[in-house]
Every structure is written in structure tokens, then in C-alpha cells.
Amino acid sequence: MQKTLLVAGLALLLSTIGYIQNQQSVDEVSMVYEGFKQKFQKTYTSAEEAYRRGIFEQNYAKILAHNADPTQTYQTGVNQFTDMTQDEFVATYLTYTPPEGWQPSDEEVVQEGVAPNDSVDWRSSVRVKNQGSCGSCWAFSAVGAVEAFFKIKKGADHNLSEQQLVDCDKASNGCDGGYPDKAIKYIAANGSQTQAAYQYTGVKGTCKSATGSVKNSGVSTIAKSGLQAAIKDYPISVCVDASNWSNYKSGVFNNCNKNLNHAVMAVGYDASGNWIIKNSWATSWGEKGFMTLQAGDTCGVTQVAVKAI
Ligand SMILES: *[C@@H]1O[C@H](CO)[C@@H](O)[C@H](O)[C@H]1NC(C)=O
Ligand SMILES: *[C@@H]1O[C@H](CO)[C@@H](O)[C@H](O)[C@H]1NC(C)=O
Ligand SMILES: *[C@@H]1O[C@H](CO)[C@@H](O)[C@H](O)[C@H]1NC(C)=O
Ligand SMILES: *[C@@H]1O[C@H](CO)[C@@H](O)[C@H](O)[C@H]1NC(C)=O
């Protein structure tokens, strides 16, 4: 009799604990979701709410599972992309396409012209910006390269206009992707407006001013084996496969192929040769807008690199 009661009591206790734990995790996800909506000012129609919440919950479960895996070298987290499907993320943000005929190369190259365990970090000399939901990574990469050239080589701190390139540079396709090298050439030939004079809207509009007063002299291609040495001088425009970057939070990222689809900046490297990358997805993404990318040709980072001169 006593034994039966004890067993029944124990079963009740266990199911109560299970119930409390489930309740807690449901409440916790709700809290994280509400916090996410508030932080990123997400407003959905009532028809969309359940759909977005469903995607958020799936992505959040992936984030927790990834972070619980001790074999991972990087951590993931909630950011402005957590309510998007992978297909939406790729279609909106990963708009870069390599030049016609370009093929990814699997060959790993050794970086030349730098001492072992050397490191450089230009993070405090560059601006993290936000391209919004416009596929203008190419313009942010180009403007970043020109700004870094002026700041570090010429001692001139310019905050330049990506929107001018989105609207006026006919060699690229506005919010549907484009080419950092051609955009740097555009600035060299026609000049850049300041960001204050030609502000970012995140949609392609008519060209309001094709020329500007800030002009570099041209663009220069960086060899695969020369990326580290080039970064030692000043930050470089690079292209990467960012297919798995949406939920990156911190640590050394390495989970990628080499199908280049995004343009960013390489702004340093650590003593182990890991790259410091500047993205254009605001400071809410990654390490305050930056990423540590594993040394070598990770995500194809050494393959299409240029600098402003
Ligand atoms: C400079 O601007 C003109 C007029 O918009 C354009 O035709 C030309 O292609 C631009 N130069 C470069 C190098 O993009
Ligand atoms: C660049 O300039 C614009 C316009 O003045 C300003 O709103 C923005 O905050 C600046 N961006 C950065 C990252 O400094
Ligand atoms: C994304 O990550 C998965 C593993 O999580 C990997 O198998 C895949 O190759 C990666 N995809 C790309 C395009 O980098
Ligand atoms: C120094 O460089 C070697 C070879 O690249 C690397 O294996 C090692 O981890 C580096 N040491 C430090 C302290 O980063």
C-alpha cells in the first residue's frame, strides 16, 4: 500500500517537474521572441505573426543546438535575421555574383610577406554600417575600401555614400548585387558624395548626383597569397560565401563552401592567421558587426580581393 502510494507520488512529482520544465521553456521562447521583436522593431500583420513566430522558433532551436555542441568553434545567436527562412536570407542579402567565367579554386595558398604570428587589427579605424534589406553589399564593400584608404594612408576621415553607387553606378545592379572593383573605379573616375549629402535609403532611386569631391586614384587586385600583406597596409574589399552566416555571433567561423555570394571587408588578422572581417549587417550581427574567419581560404575569402589606391 505504502509502496504503491510512494510510486504514485513519485510519478506525480516527476510529471509535475516535466510540466514545469516544458512551461518554462515555452515561456522562455516567448520572452526571447518578444524581446527580439522589440529590439529589431518587427511588426507583422496578424496573418504573418504565426508564420514568423514559427520560423523564429525553428531558428532559435538551431541556435541553441549549435551552441550546446562543444565541437563548434563559433557561437550563434538571435539577430535581425532570426525570423527569416534560409531562402529569404539568401535571396535578400547574398546578391554578389563573381565575374563571368570565374571558377572557385580549391587550392590553398600560403600567405607571403608577413612574419609568423604577426597580427593587425583595423577595427577601430573603420565604420560598421547597415545595408538594410537591399542587396548592396558591393557598394558597402567598395565604400569601406575607399574610406579605409583615405583614413589610413591619407589621414582623412570620410563617411562616404553607398546610396550614390546604388543609384548611379550603372556597372552594378543597385539592390540586386554588383561589383566592388567597378564601384571603386567609379569613385576614382567620378568622385564620391559624403553620406550626409547623399543619404542611404536602402532602395534604388534615380541618380541625384553622379559625381563628388572625394576621389581616390584607382583600384588594385590582390593576389591570393598576398592578402595578409595587403591588409597590413590597410583594409581590403573581399568576397565570400556567406550562406551560413545569418546566425553567427562570435568565435572562429569555418562552416562554409566557396560559392562567392557576398562582399565584405578584411580588416585584420590575428596571430594564428584568422581573418577579421567587417560586415555591413549593423552592429547587432556578429561581434559588434565583425567576424573572425578561420585562417586560410575559408569561405573563399582570398579569391576575389581588391583595394582602393
Ligand atoms: C562615371 O560616371 C559616368 C556618368 O554617370 C559613367 O558613364 C561612367 O561609367 C562612370 N565611370 C566609371 C569608371 O564607372
Ligand atoms: C555616416 O554619416 C551619416 C550621415 O551623416 C550618419 O547618419 C551615420 O551615422 C554615419 N555612419 C557612421 C557609421 O559613422
Ligand atoms: C552550411 O553548413 C552546413 C553544415 O551545417 C554545411 O554542410 C554546408 O556545406 C554549409 N553550406 C554552405 C553553402 O557553406
Ligand atoms: C603562431 O603561428 C603558428 C603557425 O601559423 C600557429 O600554429 C600558432 O598557433 C601561432 N601562435 C599563436 C600564439 O597564435
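All values below come from the heavy atoms of this structure, side chains included, with hydrogens, waters and symmetry mates left out. Note that ligands are numbered from 1 as they come in the structure, with each ligand's atoms numbered from 1 the same way.
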Closest protein heavy atom to atom 12 (C) of ligand 1, given as residue, atom name and distance to 0.1 Å: Tyr186 CA, 3.8 Å

Enumerated ligand 2 atoms positioned under 4.0 Å from heavy atoms of Gln195: 1 (C), 2 (O), 3 (C), 4 (C)

Proximal ligand 1 atoms for Ala189, defined as those under 4.0 Å from one of its heavy atoms: 11 (N), 13 (C)

Under-4.0 Å heavy-atom contact between protein and atom 14 (O) of ligand 2: yes

N/O separation below 3.5 Å, Lys129 to ligand 2: no

Protein heavy-atom partner closest to atom 6 (C) of ligand 2 - residue, atom, separation in Å: Asn159 ND2, 4.1 Å

Intermediate values then yes/no, side chain to side chain donor-acceptor pair (under 3.5 Å), Thr292 and Glu287: CA-CA 8 Å; Thr292 310; Glu287 298 167 326; 3.0 Å; yes

Atom 4 (C) of ligand 1 touched by protein (heavy atom, under 4.0 Å): no

Within-shell test, Val128 vs ligand 2, heavy atom, strictly < 4.0 Å: yes

Any protein heavy atom < 4.0 Å from atom 9 (O) of ligand 1: no

Flag, side chain of Asn159 to backbone of Ala196, donor-acceptor distance under 3.5 Å: no

Interfacing atoms of ligand 2 (cut-off 4.0 Å, heavy-atom, Ala196): 4 (C), 5 (O)

CA sep, side-chain torsions, deciding dist, call: Glu49, Lys37, salt bridge (charged side-chain N to carboxylate O under 4.0 Å, His left out): CA-CA 11 Å; Glu49 173 78 32; Lys37 282 204 299 184; 3.0 Å; yes

Under 3.5 Å: donor-acceptor pair, side chain of Glu34, backbone of Val29: no

Enumerated ligand 1 atoms positioned under 4.0 Å from heavy atoms of Lys185: 13 (C)

Parallel, tilted or perpendicular: rings of Trp245 and Trp281 (30°, 60°): perpendicular

Option of least heavy-atom distance to atom 2 (O) of ligand 1 (set: Asn190, Ile187, Ile184): Asn190

Derivation of the salt bridge (charged side-chain N to carboxylate O under 4.0 Å, His left out) call for Lys151 and Asp157: CA-CA 5 Å; Lys151 169 106 181 175; Asp157 193 2; 3.7 Å; yes

Thr73 side-chain N/O to Val252 backbone N/O, donor-acceptor pair under 3.5 Å: yes

Tyr248 and Trp285 aromatic ring geometry - parallel, tilted or perpendicular at 30°/60° bounds: tilted

N/O separation below 3.5 Å, Arg127 to ligand 2: yes

Criterion side chain to side chain donor-acceptor pair (under 3.5 Å) on Asn130 and Tyr200, from CA distance to verdict: CA-CA 9 Å; Asn130 186 4; Tyr200 194 64; over 6 Å; no

